[in-house]
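Small disclaimer: the values here were computed from a predicted structure and weren't measured. Counting convention: from 1, in listed order, for ligands and their atoms alike.
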Amino acid sequence: MALRCGTCGLPTLHQIPQPLAGLYFHIPFCHRACTYCDFHFSTSLRTKGPVLAAMRKELEARVGELEGASLGSVYFGGGTPGMLSPGELGGLLADVRRLAPVQPDAEITLEANPEDVSAASLDAWQRLGINRVSLGIQSFRDDRLRWMNRSHDAARSHRSIGLVSAAGLRTWTIDLIYGLPGMGLAEWEEQLAIALGHGMPHLSAYCLTVETRTALHHQVAAGRVHLPADGEQAAQFGHLIARMEASGLVQYEISNFGKEGHFAVHNTNYWRGVPYLGIGPAAHSFNGVRRRWNVANNVRYADAVEKGACHWEEETLTPVQQLNERLFTGLRTMWGVGLAELGDRFLQDNAKAIGRYLALDELQVRDGRLMLTPKGRHFADRIASDLFATDDDR
Ligand code: SF4
């Protein structure tokens with residue numbers, strides 16, 4: 001029986017920081033600003049030297065937060081980490097191996113764009129121990145890529161996939177975007193068919209969203225761009241699920257599909273609530289209880305790290321917030337959330353709402369876990385937030 005907190009009644013497991021198991025590096029540089037992107041990045045490389053030096057210093061200062069745990073994954077995200085030279089990537093990885101135990105079979109992922117992929121770069125990345133490459137393809141159509149302001153064209157997409165798939169990596173993946181202005185099912189099917197034709201073992205597919213402070217936001221606000229109606233985007237999502245399942249790629253997270261043995265270790269750990277340490281401007285860290293996010297500004301980040309000053313904000317999640325976090329990320333995965341993790345009190349408080357979703361065939365209980373049904377995957381975020389506990393309830 002799970003021990004429970006005397007104050008809130010939730011399983012105490014949620015209050016015990018677990019050892020960190022994943023390491024994330026945020027590389028905040030890109031060739032260009034994509035129309036839709038609100039991640040933290042700079043298209044100027046002016047701060048690259050100081051930022052990378054600061055990242056190595058931050059890792060050294062914070063490696064104790066790993067509490068000696070072996071790393072099961074290292075992830076270079078961004079931004080565009082594939083822009084870094086092998087020497088720069090190797091410097092970071094050498095520090096990781098010097099400072100922390102890395103499991104022999106650790107997944108080491110590099111996000112790269114097609115323009116950064118060549119036989120030479122792939123060879124160099126593999127020599128560094130990188131065993132998974134995530135390619136930002138987004139579309140196989142030149143008109144779409146131009147509209148997105150991507151740096152590559154369709155020919156480059158195909159060439160880079162050919163090189164990556166033949167490189168002998170442990171695995172690889174591509175990103176695609178659907179729900180584009182004017183996109184219909186026929187175009188989306190064409191994109192998926194091309195991707196499947198390349199034999200990809202894993203796909204991350206995202207519906208285009210309009211984030212503030214992006215060029216897309218201005219275009220939509222000015223009425224120059226119109227997104228497809230919700231129904232069309234939902235139809236494209238439904239087609240994606242059916243097409244991937246028919247092709248042997250399991251939807252193990254709402255936006256992620258993989259063949260058995262090719263699920264992303266780093267991301268899966270994140271969705272399952274395993275703690276991680278994030279290094280670099282705008283990087284987030286989570287130890288099961290406390291969330292920290294670094295300043296999203298390259299100059300301020302590098303200066304603060306150099307001076308040993310604070311370069312982050314953080315919050316400590318209440319037990320209820322921890323539970324909601326677990327629910328939100330867990331429900332998005334095929335594993336759902338264990339009923340024991342949710343606890344009797346949550347299940348009692350939400351009995352009516354859970355019963356309603358069970359009756360609607362949007363939630364199901366299997367093997368002691370609460371999870372979405374195929375129908376419920378269309379409404380993951382709404383269902384999770386509907387079930388959220390509040391501190392007032394406790
Ligand atoms: S390359 Fe990636 S991180 Fe950079 S602007 Fe484009 S979408 Fe954003």
[atom] - nearest protein heavy atom and its distance:
atom: atom 5 (S) of ligand 1; answer: C34 N, 3.4 Å
atom: atom 3 (S) of ligand 1; answer: G79 N, 3.3 Å
atom: atom 1 (S) of ligand 1; answer: N113 ND2, 3.4 Å
atom: atom 2 (Fe) of ligand 1; answer: R150 NH1, 4.1 Å
atom: atom 8 (Fe) of ligand 1; answer: C37 SG, 2.3 Å

Is C30 close enough that one of its N/O/S atoms sits under 2.8 Å from atom 6 (Fe) of ligand 1? no
Examine R272 relative to W335 and say whether NZ or CZ is less than 6.0 Å from the centre of the six-membered ring and inside a 45° cone about the ring axis. yes
Numbering as shown, the atoms of ligand 1 that approach R32 to under 4.0 Å (heavy-atom distance): 5 (S)
Pull out every atom of ligand 1 sitting under 4.0 Å from any heavy atom of Y36, numbered as shown with elements.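 The list of qualifying atoms is 7 (S).
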Any idea which heavy atoms bring P281 and H26 closest together, and the distance?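 Smallest interatomic distance, heavy atoms only, reads O-CD2, 3.1 Å.
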Answer yes or no: is there a donor N or O on one side and an acceptor on the other, between the side chain of N131 and the main chain of A106, under 3.5 Å? yes
When you look at H217 and D38, which way does the side-chain hydrogen bond (donor to acceptor under 3.5 Å, both in side chains) test go after all the steps? CA-CA 10 Å; H217 184 259; D38 75 337; over 6 Å; no
Do W293 and V295 sit in one hydrophobic cluster, given that two such residues count as connected whenever their side-chain heavy atoms are within less than 4.5 Å of each other, even indirectly? no
Please confirm whether Y276 and Y24 have ring centers closer than 6.0 angstrom. no
Aromatic rings H158 and F140: how do their planes relate, parallel, tilted or perpendicular, breaks at 30° and 60°? parallel
Check contact between E111 and ligand 1, using heavy atoms of the residue and a distance below 4.0 angstrom. no
